[in-house]
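Everything below concerns the one structure shown next.
To find a chain, count down the sequence lines: A is the first, B the second, and so on, and within it residues start at 1. Since we're looking at a predicted model, the values are computed, not measured.
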Amino acid sequence: MRLDPHLSQRLVKTLLWTLTGVTLLILIFIIVDIAVKGLPQVTWAFLSQDSTDMGRAGGIFPTIVATAYITLLAILLASPLGVGTAIYLTEYTREGWATRIIRFGSECLAGVPSIILGLFGFVLFVLKLGLGWSVLSGALTLAIMVLPIIIRTSEEAIKAVPQDYRTACYSLGMSQWQTVTRIVLPSALPGITTGIMLSIGRSLGETAVLLFTAGAALRTPVSVFDSGRTMAVHFYILAREGISMPNAYGTAAVLVISILLINIAAYTLMQRLMKRYG
Amino acid sequence: MLRRLNLFYGTFQALKDIDATFPRQAITALIGPSGCGKSTLLRTLNRMNDLIEGVRIEGQVLIDGQDIFGPDVVLTELRKKVGMVFQRPNPFPLSIYDNVVYGPRLHGRPPKAELEEILGRALTGVQMWDEVKDRLKTSALSLTEEQQQRLCIARLLAVSPEILLMDEPCSALDPMATLRIEELMQELKKNYTIIIVTHNMQQAARASDLSGFMYLGELIELGPTGEIFTRPQDSRTEDYITGKYG
Amino acid sequence: MHREKFIERVLLLLALSSVGSLALITIFIFLEGFPLILSAGLKNFILSSHWAPTKGHFGILAMIISSVFVTLGAMVIGVPLGLSCAIVLAEFSPPRLKMVLKPTLELLAGIPSVVYGFLGVIWLVPLIRNYLGGPGLSLLAASIILGIMILPTVISISIDALTAVPDLYRDGSLALGATRWQTVRRVVLPAASSGIITAIILGMGRAIGETMAVIMVAGNALQIPTSILDPVRTLTSNIALELSYAAGRHREALFATGIVLFIIIMILNLSATLIARRR
Amino acid sequence: MTQESEIKIRIEDLSFFFGDFQALDGVTLAIQPQEIFGLMGPAKSGKSTLLRVLNRMCDLIVGVRMTGGVWLDGEDILAPDCDVVGLRRRVGLVLSRPTPLPRSIYENLALAPRLAGKKGRNALDEVVEASLKAAQLWGEVKDRLQESALKLSGGQQQRLCLARTLAMEPEVILLDEPTSGLDPISTAKIEATLLQLKNDYTIVLVSNNTKQIARATDRVAFLLMGHIIEIGDTKQVFTVPADQKTDDYISGRFG
């Protein structure tokens with residue numbers, strides 16, 4: 001006997017919606033749990049004081065500074081490389097072996113797991129170049145990690161700039177570089193910013209890379225050669241070694257909320273962008 | 001037959017008070033500049049416009065006396081009865097065989113022998129049985145554009161529709177292929193009611209029995225093709241067919 | 001003219017940064033790890049499960065098997081959930097709902113892996129211990145957590161594959177009187193199949209390479225698992241657990257573990273790229 | 001045949017390939033200054049390709065190959081050492097779809113003069129006003145020059161693109177079906193503008209609307225599948241076509 005198509009459609013839709021619902025519930029559960037148990041810990045003192053007693057007491061100020069320091073440095077290093085790559089791929093070269101290799105390299109790099117990046121950063125920056133466990137080692141390794149993200153989003157943003165604009169520019173006798181800097185990049189800026197924001201989000205949550213490159217010193221880093229413990233690493237150590245569950249939840253809340261805010265902002269920007277170009 | 005049909009996309013009114021009757025076993029062509037609503041009108045007849053967000057339709061469309069917006073109309077049955085050929089040929093990325101029997105398989109699980117028979121009939125109906133009978137298992141995407149368009153028509157014939165809607169079916173084809181598709185339409189009109197949208201006036205003049213001219217969502221006039229092209233009633237029609245704009 | 005050429009050169013140089021980084025990573029991991037594989041013998045390295053690096057035993061078979069099982073478990077959980085979400089979002093949800101659902105699901109990708117691991121320890125591990133037995137920290141727990149973690153990868157790539165299917169196909173099918181689901185099953189899914197397979201493979205790569213969450217919930221016992229409730233140690237957790245104190249041959253052994261992991265992941269990525277390109 | 005000195009653009013035995021596809025086959029023709037030269041033919045006949053060779057916009061497409069020669073005022077523009085960017089400033093192109101840049105109306109117009117080295121607010125203001133007036137758009141936009149050009153209607157955008165090309169002070173203006181998306185009134189305005197401009201410029205107009213070619217051009221070439229079928233005075237081609245295919249085309253038997 002054959003099921004009536006309308007009935008089978010209804011059954012399948014019910015199943016699919018149920019599974020989607022389960023996924024959403026998991027997500028909501030994660031966020032609610034972190035918020036309910038973590039937010040009460042988050043006070044001004046928690047954010048602004050030094051950690052004491054291995055993080056059992058005090059606040060998370062040093063980890064906030066370390067996180068911001070490493071992330072910003074990584075983004076500063078990766079953005080010109082990523083955007084430059086994207087411009088080269090979209091505007092300056094035709095599809096061929098060169099683009100294929102570059103694109104393939106970037107895709108593979110995106111697939112390299114963070115533990116391998118951690119190993120690499122550890123051996124090259126920490127040991128071979130003698131930078132030690134430091135903000136700089138961490139930022140260099142993180143920059144490699146977010147490079148593919150910036151390349152991909154910038155490339156998409158630049159590709160989304162209507163071809164008509166370029167045609168118009170060329171037919172007005174503008175050179176390629178004039179076209180890129182005056183029309184293409186300004187039009188693609190929101191998309192590029194989105195990619196940079198996503199990279200920041202990704203950097204904030206990264207642990208494996210930083211554990212082996214930036215170290216875990218629980219004091220506020222000043223120079224780029226100081227070791228620094230980011231929020232994610234701090235959270236991992238608190239939770240894994242059972243040092244303080246309330247402080248672990250508090251750190252997680254700060255971490256998750258900042259990542260969510262950045263990602264939401266990035267997403268909103270992307271939406272506006274998509275609306276602009278239909 | 002249409003009665004006082006209005007169609008809105010959000011606040012934009014795409015069709016305005018359209019009244020029209022399309023006779024059986026004839027080819028009716030809808031002409032007009034782009035954006036005049038002719039494709040929208042066509043897609044209303046098998047309710048493909050339902051797929052678009054924010055569409056609101058007023059008025060009636062009667063097919064064989066039955067309102068297609070009535071509550072007891074089963075959408076899939078309506079679309080089976082009112083087949084549609086699109087502007088660009090859209091064979092599924094499946095084999096030629098699977099494309100043609102796609103429809104019959106949707107509506108039941110016919111035995112293999114019956115499928116073979118439907119296949120033969122549909123492909124013969126579009127005069128391409130001899131061209132493809134030896135490569136039914138190859139991908140439909142390997143065919144030429146014209147063959148793909150024929151295959152799409154064959155795919156329709158396989159579900160035995162009564163009405164064929166064609167939305168600029170030749171716009172992607174070269175002049176020779178266009179001519180052959182037009183010949184095919186003449187063949188098909190013996191058994192089917194055909195409504196075709198075209199931006200090519202010569203095509204309308206050559207291939208249709210009736211023509212309707214649409215402008216800015218209105219059906220300006222509808223009548224025998226010969227009269228529309230030689231003695232248009234409305235000055236807008238005249239301007240259009242003499243090429244003042246478009 | 002000269003200026004343009006100069007700019008092009010500079011941009012090419014920047015564009016080589018990603019390839020260059022990848023090359024550097026490969027070179028350094030191999031430089032550090034390969035000598036050990038040579039001296040210990042490839043066979044002893046990947047076909048023995050005797051791991052006692054301080055005593056000169058470097059067999060990682062147990063970890064390879066654990067990594068594979070954990071990953072397969074993650075696929076069993078993540079693929080059905082992820083595909084369902086993708087199909088619902090791409091084909092069945094009204095646009096307005098999609099505008100809300102899609103970003104919400106994408107937020108999953110933003111939650112750091114340590115948070116997943118932590119919540120796994122707090123909620124999932126006790127559940128498993130109390131209702132299914134065993135220590136709780138187990139292959140099952142790791143699979144469930146990883147299954148959830150790969151959802152964003154599977155969902156977003158599958159959605160892209162589904163939306164890349166031209167509407168012409170959907171229109172064609174609906175115009176023949178097919179229901180939505182018939183259209184999805186018979187036309188859209190086959191047309192999107194290579195993209196969906198890519199999504200699954202990249203999800204696998206993500207699962208096998210994940211470290212922090214796995215360390216926290218898998219139990220990290222050095223053994224070949226016999227039940228899904230056994231604690232396991234994966235390739236990634238082995239590296240992360242021992243790197244901070246390893247030295248000499250021991251450290252080389254961890255880099256060698258890294259080589260194995262790297263090769264597995266590169267094979268997965270390569271096949272994903274090849275499948276995606278075949279389209 | 002016209003004297004060499006009176007020829008603005010000379011094209012000789014030009015063939016053009018996209019990969020394996022030959023878009024133009026042995027095209028030879030001469031365009032005189034201060035005329036509107038029409039190119040007509042059905043879709044894919046090569047008329048747009050020919051137009052794009054004239055300012056080397058065809059370079060932007062991958063896999064193209066050309067043989068033959070094109071001379072602008074006797075200068076070989078297909079030569080490898082030709083300054084393409086400079087050439088495009090001399091030979092302006094208006095496309096079938098309006099392509100305003102996402103800037104203000106003023107900026108759209110001032111862009112090209114600025115890049116050409118024109119400085120100073122007054123000088124720029126003058127160019128903007130003059131070119132808008134020439135394109136018969138000044139009256140409609142003079143009070144909102146700082147608004148985004150994307151806010152204009154389709155017909156206004158197209159006239160803006162024409163004005164933008166004029167602001168560049170080119171010698172030749174190429175138009176690729178400039179009215180294909182426009183309503184009758186905007187079409188009429190653009191055609192009127194062209195007739196005025198022809199006193200100062202050489203204009204090449206591509207259109208698949210034969211009526212427009214008949215109305216607006218002085219001389220015309222009919223292209224079919226990359227070949228020139230017929231060249232001549234527009235009146236003559238339309239009244240007594242020499243070739244049966246031209247007759248078929250202008251009477252609408254195909255295309």
*asked:* Taking side chain as everything from C-beta outward and backbone as N, CA, C, O, which of these in P170(D) sits under 4.5 Å from a heavy atom of chain A? Side chain, backbone, both or neither.
replied: neither

*Per the side chain to side chain donor-acceptor pair (under 3.5 Å) rule, which among E171(D), Q32(D), E35(D), Q34(D) passes with K8(D)?*
E171(D)

_Looking at E107(D) and S104(D), would you say the former's side chain and the latter's main chain have a donor-acceptor pair under 3.5 Å?_
no

*How are the rings of F18(D) and F16(D) set relative to one another: parallel (under 30°), tilted (30 to 60°) or perpendicular (over 60°)?*
perpendicular

*asked:* If only side-chain N and O atoms count, and only distance matters, is there a donor-acceptor pair under 3.5 Å linking S186(D) with Q158(D)?
replied: no

*What option among R56(D), R52(D), M57(D) has the most heavy-atom pairs under 4.5 Å with chain A?*
M57(D)

*Out of L87(D), L93(D), N55(D), which one racks up the most heavy-atom pairs below 4.5 Å with chain A?*
L93(D)

*Relative to chain A, which segment of L174(D) carries a heavy atom at a distance below 4.5 Å: side chain, backbone, both, or neither?*
neither

*Hey, is CZ on R90(D) packed in by over 12 heavy atoms from elsewhere, all under 6.0 Å?*
yes

*Does any heavy atom of chain D fall under 4.5 Å from the side chain of R182(A), the backbone, both, or neither of them?*
both

*Given that the side chain runs from C-beta out, which part of R103(D) has a heavy atom under 4.5 Å from chain A: side chain, backbone, both or neither?*
side chain

*Which atoms of R164(D) come close to chain A, meaning under 4.5 Å heavy atom to heavy atom: side chain ones, backbone ones, both, or neither?*
both

*Where does L111(D) contact chain A at under 4.5 Å (heavy atoms): side chain, backbone, both or neither?*
side chain

*asked:* Please tell me whether Q176(A) and E91(A) have a donor and an acceptor in their side chains that are separated by less than 3.5 angstrom.
replied: no

